[in-house]
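Notes for the one structure printed next.
Keep in mind it's a predicted model, so treat the numbers as computed, not measured.
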Amino acid sequence: MQAIIFNNEERNVARRKTQENQIDPGFVQDPDGFINVPVSKTTREQLHLLKTSMRVASQAEVIEKAIAIVSAIDAAVRK
């Protein structure tokens with residue numbers, strides 16, 4: 001198997017092309033970009049289960065909704 005090595009500029013070009021090809025999901029009210037973070041296997045599995053349970057189209061929508069829920073709980077607790 002041959003290793004593929006990208007320099008930073010190649011990564012940035014690839015990232016820009018990927019972002020340009022992204023379709024606005026519509027549920028994001030104020031788009032600000034993308035996050036790419038490492039997650040555990042359990043988190044990935046739970047995210048998939050929540051996507052199914054919440055009957056939403058994408059994991060991004062699960063994250064948007066989950067953050068809104070947790071933020072509302074946080075605001076209520078702080079009162």
Kindly work out whether a path of hydrophobic side-chain contacts (I/L/V/M/F/W/Y, heavy atoms less than 4.5 Å apart) joins V70 to L47.
no

Please say yes or no: joined through hydrophobic side-chain contacts below 4.5 Å, possibly via intermediate residues, are L49 and V62 part of one cluster?
no

Who pairs with I67 by side chain to side chain contact (heavy atoms under 4.5 Å, CB included), at least two apart in sequence or on another chain?
I63, S71

With sequence neighbours excluded, residues passing side chain to side chain donor-acceptor pair (under 3.5 Å) with R78
D74

Reported CG-to-NZ distance for the pair L50 and K65, which is rounded to 0.5 angstrom
12.0 Å

What pairs of residues pass the side-chain hydrogen bond (donor to acceptor under 3.5 Å, both in side chains) test when at least one of them lies in residues 37-53, not counting sequence neighbours?
S40-T43

